[in-house]
Amino acid sequence: MYKIVKREDLAPNVHLFVIDAPAVAKKAQPGQFLIVRNSERGERIPLTIADFDRAAGTVSFAFMEVGKTTREMGLLKEGDSLATFVGPLGEATHIKKYGTVVCVGGGFGTATVSPIARAMKEAGNHVITIMGFRSQSLMFWEDKLRDFSSELIVTTDDGSYGRKSVVTEPLKEMLQDPARTVDLVVAIGPAIMMKFVSKTTEPFGTPTVVSLNPIMMDGTGMCGACRVSVGGKTKFACVDGPDFDGHQVDWDLLLARQKIFIEHEKRALELWQCQACREQNS
Ligand SMILES: Cc1cc2nc3c(=O)[nH]c(=O)nc-3n(C[C@H](O)[C@H](O)[C@H](O)COP(=O)(O)OP(=O)(O)OC[C@H]3O[C@@H](n4cnc5c(N)ncnc54)[C@H](O)[C@@H]3O)c2cc1C
Ligand code: FES
């Protein structure tokens, strides 16, 4: 069992758990992910490593409540335990001195892009972070990202904080600015955001790394659930990624494959809510 040593509520439906997992902490690198189960009979879900502390033997992840398993996880408290905590999985993000690196985080992706921003800064890059949220009430980690970044831009869809725009607008302005050179863009967040970041950078030929989030089962390259198409070749995101060249990703296939279990996911959530409601009323 893996104890939750700290829980932080980042936004109403986004939480950060710090887990006691020394063996995972020892090897964790920015960009890698975990497979987690709430309980022995729970569903296995992949979550990106948001931070790690080798000395304390802890690993953190941030998750957004979207369906049955993440909502169930949202009920866990400090001191509770997770049944499964496997990792680090996947290839680490390639960290080196590129020059100017723009890190784009959308929603929960802001937490997962943060260790990459920190590592890129430590490697000597000029790091510009763009954090995008739907609204100020969903925003978190502005101070933390400011520490890890040379420049920070916050956007909200509704204009309640920072600049009223989507993340691609300030990014496009930077790419168009003759006084600037952007050497790499790293984007993490919803697939649709990563798609549009990639479409924005493509005409400028700016290398763009995205962290793909297809459906995953085993996370070790055995089941094929995480199949994606990159540069016309089939790749397994869990072992070949999750980082890929955003200009080479078949986004339509990824977005379609993310929806293949949508009816089952809806049903699972309804059944769980119904059971939770019965338990509350009994
Ligand atoms: C490599 C990777 C890293 C991820 N990192 C994070 C993270 O750091 N924080 C975070 O909040 N979310 C992350 N996700 C997404 C997270 O795994 C899903 O939100 C979670 O599995 C949803 O489970 P659910 O039962 O709550 O919702 P469901 O109702 O089952 O699903 C909601 C949505 O999540 C996606 N999903 C469902 N099951 C899986 C699965 N087994 N694998 C991948 N996606 C699934 C589906 O596209 C679906 O539309 C990551 C996904 C991948 C592949
Ligand atoms: S999750 Fe099974 S092959 Fe990647």
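Both counts, for ligands and for their atoms, begin at 1 and track the order of listing. Below, all heavy atoms of this structure are taken into account, side chains as well, without hydrogens, waters or symmetry copies.
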task: Apply salt bridge (charged side-chain N to carboxylate O under 4.0 Å, His left out) to Glu151 and list each qualifying residue two or more places apart in sequence or on a separate chain.
output: Arg180
Nearest-0.5 Å distance that lies between atom CE in Met139 and atom OH in Tyr161: 4.5 Å
- prompt: What protein N/O/S atoms are found closer than 2.8 Å to atom 4 (Fe) of ligand 2?
  reply: Cys226 SG, Cys238 SG
message: Assess whether a salt bridge exists between Lys266 and Glu263, defined as any Lys/Arg side-chain N lying under 4.0 Å from an Asp/Glu carboxylate O.
response: yes
query: Is the closest side-chain donor-acceptor distance between Gln258 and Asn213 under 3.5 Å?
result: yes
task: Hey, could you give me each pair passing side-chain hydrogen bond (donor to acceptor under 3.5 Å, both in side chains) that has a residue in residues 86-102? Not counting sequence neighbours.
output: Thr93-Asp243
Carboxylate-amine/guanidinium proximity below 4.0 Å for Lys68 and Glu72: yes
- line: Only one of Phe63, Phe61, Phe140, Phe108 passes ring pair (Phe, Tyr, Trp, His ring centres under 6.0 Å) with His15, and that residue is Phe63
task: Select all protein residues for which some heavy-atom-to-ligand 1 distance is less than 4.0 Å, and list them by chain and number.
output: Phe33, Glu43, Arg44, Ile45, Pro46, Leu47, Thr48, Ala62, Phe63, Met64, Val66, Gly67, Lys68, Thr69, Thr70, Phe108, Thr112, Leu212, Asn213, Pro214, Ile215, Met216, Gln258, Glu265
query: Just wondering, more than 12 heavy atoms not from Phe204 lying within 6.0 Å of its CZ?
result: yes
message: Let me check something: do Leu171 and Trp251 share a hydrophobic cluster, defined by ILVMFWY side-chain heavy atoms less than 4.5 Å apart, either directly or through other members?
response: yes
